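First up is the structure itself, then whatever we jot down about it.
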Amino acid sequence: MRRGALVLLFIASLMLAGCFGPSTSAWGDGENAVKVSFAKDDIDVISTLSGSKTTVSDMQAVGCNPSGDEPDLTVGEGTEISFTGYLAASTFYDTHDPLLGGTEVNYGVTTAVAIQEMSFDEAATVVDGEGARIDVKAWSNPLSPETGAGSIDLDEINSDSESQWFVLGLIPASENVHDGLTAMGEWHQPVTVNGYMVNANESGGGFYKDSFDQFVRADCSMGVDKAMNLDRYFIVVTGVELDGATVSMNGEADDEWVQGDVPFLGRAGFIMFFLVVGIGGGVGAFIVSKGMVLSSAKGTMRTLLGSDGLDKVAQVKEDIKSAKKAGMESPEERKSRMEKERKKEQKKEEKNNAPASVPVEKDSLGGFDLDSVLASTAVPSRGAGGPQGRKSSVVVTDAAQEMEQVNQRADSSSSLPSSFGERRTSSVSSSAPPSSRGPPQQEAPAKKPPVRRRKAVKKAPAEVAEEPSPRVFDDEPEDDFSDFSF
């Protein structure tokens with residue numbers, strides 16, 4: 001797993017090759033920015049790298065004048081001067097510390113380089129690892145790096161040294177050059193810096209001096225003072241030549257270097273290379289490895305089962321395919337299908353057996369007490385009514401009461417058995433007296449008034465149910481008094 005993760009990380013890092021560069025200043029007049037207005041006779045630098053806005057003016061470009069017997073340097077005119085060699089170290093500035101002092105021109109320097117002076121072809125043949133190596137401890141001052149242990153210590157360079165060096169403070173002449181100077185972030189490569197020296201009303205190091213004319217060659221390339229073997233200059237850069245790429249003032253060179261450029265392949269070529277070789281190779285490796293695993297597994301199976309066993313296995317596979325085409329299913333598939341059907345039927349039964357949310361119908365009477373209504377709403381008739389506290393659905397009329405009194409008097413004088421009297425009394429007390437039978441001395445009872453029928457009032461608003469009429473016992477059959485006599 002760890003090896004696989006490392007491989008994936010390495011492949012992903014290849015996609016980002018050249019996409020990252022060193023941190024440097026911005027171009028313009030904003031925070032941590034530099035802007036240069038370049039003309040041969042007038043150079044103005046506006047910088048905020050010191051924390052405040054600083055403007056440096058009254059500077060002129062110093063170019064090469066190749067005409068005449070010996071080339072010389074000319075202030076305010078001439079062509080570019082070139083500094084060629086092997087790039088051993090570099091640094092980039094996004095701020096400058098004003099407490100370190102020095103000239104204000106330092107605030108316009110965005111890049112500083114240490115170049116071992118030699119021809120471009122000679123520098124290109126230096127084997128990586130065999131060139132000069134500089135251990136940079138601090139590089140606060142663009143023209144005075146502090147170096148330590150390494151194959152070359154710039155602090156120890158003198159007239160006895162075998163190598164010659166340039167230490168250059170680079171001031172970009174245009175925005176494209178400013179962006180292209182990040183190409184100097186890659187050390188140990190051949191490089192040629194094209195530009196102009198700076199002439200100013202200062203006597204500090206790095207500015208043009210008349211004595212520099214003796215170091216200019218016929219091709220306007222700069223040589224090193226043999227007495228020191230180390231020269232330090234401020235250079236306004238107008239172009240940079242790299243191995244296979246160029247940084248120009250306007251960015252329109254055919255081989256213009258841009259951030260993320262890849263040597264030989266270029267950006268588009270690298271992307272295609274990654275897609276074809278990286279992704280395609282990964283897919284191809286997966287297919288090959290899978291084939292190797294299957295081949296090994298087949299060999300092991302052939303050893304364990306033999307040729308007859310393999311033939312039977314192949315026949316079983318063919319039978320399985322034929323069965324599937326014919327619509328047959330394996331026990332596992334059948335079990336899975338039956339399980340699904342069982343669950344489906346179970347859900348259906350649970351749904352059907354679930355109690356329906358039907359509203360419960362209330363009793364049509366709704367707890368209605370008919371006796372209470374009759375007792376409270378009935379209008380008492382004249383004379384004595386029924387017994388106190390009696391609640392019944394039978395309405396006793398006045399005639400029935402009179403008849404009951406007559407029967408009680410007759411019962412007291414009658415010789416009939418007591419059981420018969422009890423029977424007669426209970427019958428008379430709950431029903432109306434017969435209209436045709438009665439003692440001769442008793443007046444004929446008055447005509448029965450009609451029984452009052454009342455309707456029950458329902459509490460439920462759904463429908464009005466008619467109250468059952470009070471049951472009135474009709475006259476008992478004639479045979480009940482067939483043997484009665486006074």
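The structure presented is a predicted model; accordingly, all values stated were derived computationally and were not measured.
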Please report the shortest heavy-atom distance between [X] and [Y], naming the atom on each side.
X	Y	answer
Leu143	Gly169	CD2-N, 3.5 Å
Ser163	Ile152	OG-CD1, 4.0 Å
Val198	Val62	C-CG2, 4.4 Å

Handout entry: Carboxylate-amine/guanidinium contact Glu333 Arg337, below 4.0 Å
Key = no

Problem - Carboxylate-amine/guanidinium proximity below 4.0 Å for Arg342 and Glu339 - result: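 Yes.
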
Handout entry: Whether Thr246 side chain and Glu241 backbone form a donor-acceptor pair below 3.5 Å
Key = no

Practice task
Could you tell me whether the side chain of Ser248 and the main chain of Gly251 form a donor-acceptor pair under 3.5 Å?
Solution key: yes

Problem - Rounded distance (nearest 0.5 Å) linking atom CG of Leu230 with atom OG of Ser159 - result: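 Between Leu230 CG and Ser159 OG, I get 12.0 Å after rounding to 0.5 Å.
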
Practice task
Could you tell me the separation between the CD1 atom of Ile46 and the OG1 atom of Thr55, rounded to the nearest 0.5 Å?
Solution key: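 Going from CD1 on Ile46 over to OG1 on Thr55, the span is 5.0 Å.
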
Problem - ring-ring contact (aromatic ring centres under 6.0 Å, His included) between Tyr233 and Phe83, intermediate numbers included - result: CA-CA 11 Å; Tyr233 304 112; Phe83 301 82; 5.8 Å; yes

Problem - Residues that Tyr208 engages under ring-ring contact (aromatic ring centres under 6.0 Å, His included), provided they are two or more places apart - result: none

Completion exercise
Residues passing the ring-ring contact (aromatic ring centres under 6.0 Å, His included) test with Phe38, sequence neighbours excluded, are Tyr196

Exercise for the section: Enumerate the residue pairs fulfilling side chain to side chain donor-acceptor pair (under 3.5 Å) with a member in residues 116-139, sequence neighbours excluded, ordered by first and then second residue. Expected result: Glu117-Arg217

